[in-house]
Amino acid sequence: MEESFDKARELGALMLKSPLAIRLEAAREAFDNDMEARETLFDYNRKNRRVEELMSKDASGEEFKAANEELREALEKLRADKVIEELITCESRFNNYVNQVLNIVKATVLGDEGCTGNCSGCAGCH
């Protein structure tokens, strides 16, 4: 079993050297160093929590409408931020890559070695 764990660590290290992982790390660093992008995300999260809080209290009326409008505006600002957009894109692509690799491992273990990891023509994993 130890050999399997070692190979899994080796695979993980190899994946972290992929262009997708390198681009993701650069996007994370750019986000970490961009105070405006970070504040945009934090502001959105605060406003989202406020709307959720009001919804849980069955709030209605002007207070809820105002909070919801503030959240919509914060979301627009979030979507317009190029640093955040790059981070989200990179995270999504890297997560897809990880899932493809895991699906190949799973298919191999289950005896379906026909899986290549290219999901473009696939009907879905088992």
Side-chain angles (χ1 to χ4, degrees):
M1 272 194 339
E2 190 62 35
E3 183 180 0
S4 297
F5 296 144
D6 290 342
K7 291 294 182 183
R9 287 182 195 93
E10 186 179 323
L11 177 58
L14 181 65
M15 293 172 71
L16 289 174
K17 293 178 185 175
S18 73
L20 292 172
I22 293 167
R23 185 173 170 194
L24 174 57
E25 184 59 33
R28 285 178 176 159
E29 187 174 327
F31 175 77
D32 288 345
N33 292 324
D34 188 322
M35 290 304 293
E36 185 176 336
R38 291 173 56 196
E39 182 54 39
T40 297
L41 180 60
F42 297 147
D43 183 56
Y44 170 80
N45 286 335
R46 277 191 301 272
K47 290 176 179 174
N48 189 48
R49 281 191 303 274
R50 177 70 179 142
V51 167
E52 288 175 354
E53 177 185 308
L54 290 170
M55 286 175 60
S56 73
K57 295 178 181 178
D58 287 330
S60 59
E62 293 304 312
E63 184 181 16
F64 181 75
K65 277 180 154 180
N68 213 24
E69 178 60 24
E70 287 178 14
L71 178 61
R72 188 191 62 73
E73 290 170 3
L75 180 59
E76 284 179 18
K77 188 174 179 184
L78 187 77
R79 288 180 175 161
D81 191 293
K82 296 300 180 191
V83 171
I84 293 172
E85 178 185 23
E86 174 71 2
L87 179 60
I88 291 169
T89 297
C90 290
E91 285 179 339
S92 177
R93 289 180 180 163
F94 185 74
N95 287 340
N96 287 338
Y97 166 61
V98 169
N99 286 332
Q100 284 180 320
V101 170
L102 293 175
N103 286 337
I104 292 169
V105 171
K106 181 179 175 183
T108 302
V109 169
L110 296 176
D112 181 13
E113 295 192 46
C115 181
T116 64
N118 182 354
C119 300
S120 63
C122 183
C125 291
H126 309 277

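Keep in mind the model is a prediction, meaning the values are calculated, not measured.
Separation of atoms CZ (Phe31) and OG1 (Thr40) is listed at 8.5 Å; rounding is to 0.5 Å. Annotation: the span from Glu73 atom CD to Lys77 atom NZ amounts to 10.5 Å, rounded to 0.5 Å. The CD1 atom of Ile22 lies 11.5 Å from the SG atom of Cys90; values are rounded to the nearest 0.5 Å. The distance from the CD atom of Glu52 to the CG atom of Leu71 is 8.5 Å, given to the nearest 0.5 Å. The line from CG of Leu11 to CG of Asp6 is 12.5 Å long, rounded to the nearest 0.5 Å. The line from CG of Leu87 to CZ of Arg23 is 11.0 Å long, rounded to the nearest 0.5 Å.
Counting only distance, with no hydrogens or angles, the side chain of Ser18 and the backbone of Met15 share a donor-acceptor pair below 3.5 Å. The backbone N or O of Ala30 sits nowhere less than 3.5 Å from a side-chain atom of Asp34 that would complete a donor-acceptor pair. Between the side chain of Thr108 and the backbone N or O of Ile104 there is at least one donor-acceptor pair closer than 3.5 Å. Of the possible donor and acceptor atoms, one in the side chain of Asn103 sits under 3.5 Å from a partner among the backbone N and O of Asn99.
Counting non-hydrogen atoms of other residues, nucleotides and ligands closer than 6.0 Å to CD of Glu36 gives a total of 12 or fewer. Heavy-atom neighbours of Glu76 CD from other residues, nucleotides or ligands within 6.0 Å: above the threshold of 12. For Arg72, the CZ atom is densely surrounded, since the number of other residues' heavy atoms within 6.0 Å is greater than 12. Under a cut-off of 6.0 angstrom, the local environment of CD in Glu29 is sparse, with at most 12 non-hydrogen atoms contributed by other residues, nucleotides or ligands.
Screening Asp43, Asn45, Leu41 for a side chain to side chain contact (heavy atoms under 4.5 Å, CB included) involving Leu78 leaves a single residue, Leu41.
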* To do: Carefully, step by step, assess Arg50 and Glu70 under the rule side-chain contact (heavy atoms from CB on, under 4.5 Å).
  => CA-CA 10 Å; Arg50 177 70 179 142; Glu70 287 178 14; over 6 Å; no
* **Steps toward salt bridge (Lys or Arg N to Asp or Glu O under 4.0 Å) verdict (Arg46, Glu39)** => CA-CA 10 Å; Arg46 277 191 301 272; Glu39 182 54 39; 2.5 Å; yes
* Asked: Given the rule in the salt bridge (Lys or Arg N to Asp or Glu O under 4.0 Å) test, do Glu53 and Lys57 qualify, once you have shown the distances and angles that lead to the verdict?
  -> CA-CA 6 Å; Glu53 177 185 308; Lys57 295 178 181 178; 3.5 Å; yes
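Residues Val83 and Leu75 are members of one and the same hydrophobic cluster, defined by side-chain heavy-atom contacts under 4.5 angstrom among Ile, Leu, Val, Met, Phe, Trp and Tyr. The hydrophobic clustering, which links ILVMFWY residues whose side-chain heavy atoms are closer than 4.5 Å, places Phe42 and Ile84 apart. Tyr97 and Leu14 are members of different hydrophobic clusters when ILVMFWY side chains are connected at heavy-atom separations under 4.5 Å. Both Leu24 and Leu102 belong to a common hydrophobic cluster when Ile, Leu, Val, Met, Phe, Trp and Tyr are linked at side-chain heavy-atom distances under 4.5 angstrom.
Checked for salt-bridge contact, Glu85 and Lys82 meet the test: a charged N lies under 4.0 Å from a carboxylate O.
Looking at Lys47 and Val51, their side chains never come closer than 4.5 Å, going by heavy atoms from C-beta outward.
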